[in-house]
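Data block below; observations after.
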Number of protein chains: 2
Amino acid sequence: MIIKQLSDNEIRVHIFKALSDEVRLNIVAMLFEKKTEMSCGEIGEILDINKSTASYHFKTLREAGLTTTRKVGQNKFVSLNTAVFDKILPGFLDTLA
Amino acid sequence: MIIKQLSDNEIRVHIFKALSDEVRLNIVAMLFEKKTEMSCGEIGEILDINKSTASYHFKTLREAGLTTTRKVGQNKFVSLNTAVFDKILPGFLDTLA
DNA sequence: TCGATAGTTTTAAAACTATCAAACAACGAT
DNA sequence: ATCGTTGTTTGATAGTTTTAAAACTATCGA
């Protein structure tokens, strides 16, 4: 299996793409406000989005390295990777408060 | 003329979209490094991009509020709107250094 | 094991984005 | 005036992104 080594700017592009959507920004803002992990279903219900659309957005955030997912029984819990935010966009999360 | 009032997240989406492209990130990085305005032609030549493509990217950055353009004779000089960066993405520019 | 619940994947349509050539507009110099 | 330079706009094309229905996988409880 070949793993492509991404340049700094490729990483940034990936992250900015992930954040350049209102639904995903709302997910990030919610997770930051609640200061705790939330289940996919809970988030999807609050934001009132189709579950496959929600799943697509969770995948986009996860693949950009912005969130982590933890499976518990039939649920999946999403939480923010604050270390990545702090490294690439220091101070950004605090502007959401 | 009607001016739409953008929400905070709409502004962020606009800015993240503008930054989610390698060419535009390179333009921003160059302007930040040089710490001075640069002409469109100079930037386009350094990055080796077609002039209409370059113009498209300048427009994208300008419309997101990230740059300002000043016309001098037949040239146009582009500079960073550091205040916008500092407000929406505090600390980001420094990560480019 | 069956049924319900929670998420993912596949697929397709619609909307959007990046690129380039060609035509255009604005300016300065001759 | 016309020419060369600098940058914008337009229109075409190729590729990407977002959305949602339908089919699928995994887990739990009865």
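As a basis for the values below, the full set of heavy atoms in this structure was taken, side chains included, without hydrogen atoms, waters or symmetry mates. Worth saying up front: this structure is predicted, and the values here are computed from it rather than measured. In what follows, chains are A, B, ... by sequence order, proteins preceding strands, each numbered from 1.
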Problem set entry | Nucleic acid contacts - residues 55-69 of chain A versus DNA chain D, non-hydrogen atoms under 4.0 Å | A:Y56, A:H57
Seminar exercise, completed: The correct set of residues in residues 13-45 of chain B placing a heavy atom under 4.0 Å from DNA chain D is B:S39, B:C40, B:G41
Exercise. Closer than 4.0 Å, any side-chain N/O of A:N75 to the OP1 or OP2 of C:dT5?
Worked result: no
Problem set entry | N or O in side chain of B:K76 less than 4.0 angstrom from C:dA26 OP1/OP2 | no
Seminar exercise, completed: A:F77 CZ to C:dT5 P, in whole Å, measures 17 Å
Problem set entry | Euclidean distance, atom CZ of residue A:R70 to atom P of C:dA6 [Å, nearest integer] | 17 Å
Validation row: [X], [Y] side chains within 4.5 angstrom (heavy atoms):
X	Y	result
B:L66	B:I88	no
B:L80	B:F85	yes
A:V78	A:F58	yes
A:L19	B:L19	no

For this session: Only counting residues at least two apart or in another chain, list the ones meeting side-chain contact (heavy atoms from CB on, under 4.5 Å) with A:K59.
Result: A:R62, A:E63
Problem set entry | For B:R70, all residues meeting side-chain contact (heavy atoms from CB on, under 4.5 Å), sequence neighbours excluded | B:E37, B:V72
For this session: Could you run through nucleotides 23-30 of chain D and give me one letter per nucleotide, 5' to 3': B if any protein heavy atom sits under 4.0 Å from the base, S if only the sugar-phosphate is that close, - if neither?
Result: ---SBS--
For this session: Determine which pairs satisfy ring pair (Phe, Tyr, Trp, His ring centres under 6.0 Å) with at least one residue from residues 19-44 of chain A, sequence neighbours left out, and list them in order.
Result: none
Using residues 20-28 of chain A as the side-chain source, report each donor-acceptor pair under 3.5 Å to any protein atom, sequence neighbours left out, with the distance given to one decimal.
from, atom 1, to, atom 2, distance (Å)
A:S20, OG, A:F16, O, 3.3
A:S20, OG, A:K17, O, 2.9
A:D21, OD1, A:V23, N, 2.8
A:D21, OD1, A:R24, N, 3.2
A:R24, NE, A:A18, O, 2.6
A:R24, NH1, A:H57, ND1, 2.9
A:R24, NH2, A:K17, O, 3.1
A:N26, OD1, B:N9, ND2, 2.9
A:N26, ND2, A:E22, O, 3.2

Seminar exercise, completed: Here the side-chain hydrogen bond (donor to acceptor under 3.5 Å, both in side chains) pairs for residues 79-97 of chain B, sequence neighbours left out, are B:T68-B:N81
For this session: Quick one: which residue pairs count as a side-chain hydrogen bond (donor to acceptor under 3.5 Å, both in side chains) with a foot in residues 40-52 of chain A, not counting sequence neighbours?
Result: A:N50-A:S52
For this session: Taking only the side-chain heavy atoms of B:S52 (C-beta and beyond), determine which of C:dG7, C:dC20, D:dA20 contains the nearest atom.
Result: C:dC20
Seminar exercise, completed: Residues joined to A:Y56 in its hydrophobic cluster, side chain to side chain under 4.5 Å directly or through other members, sorted by chain and number, are none
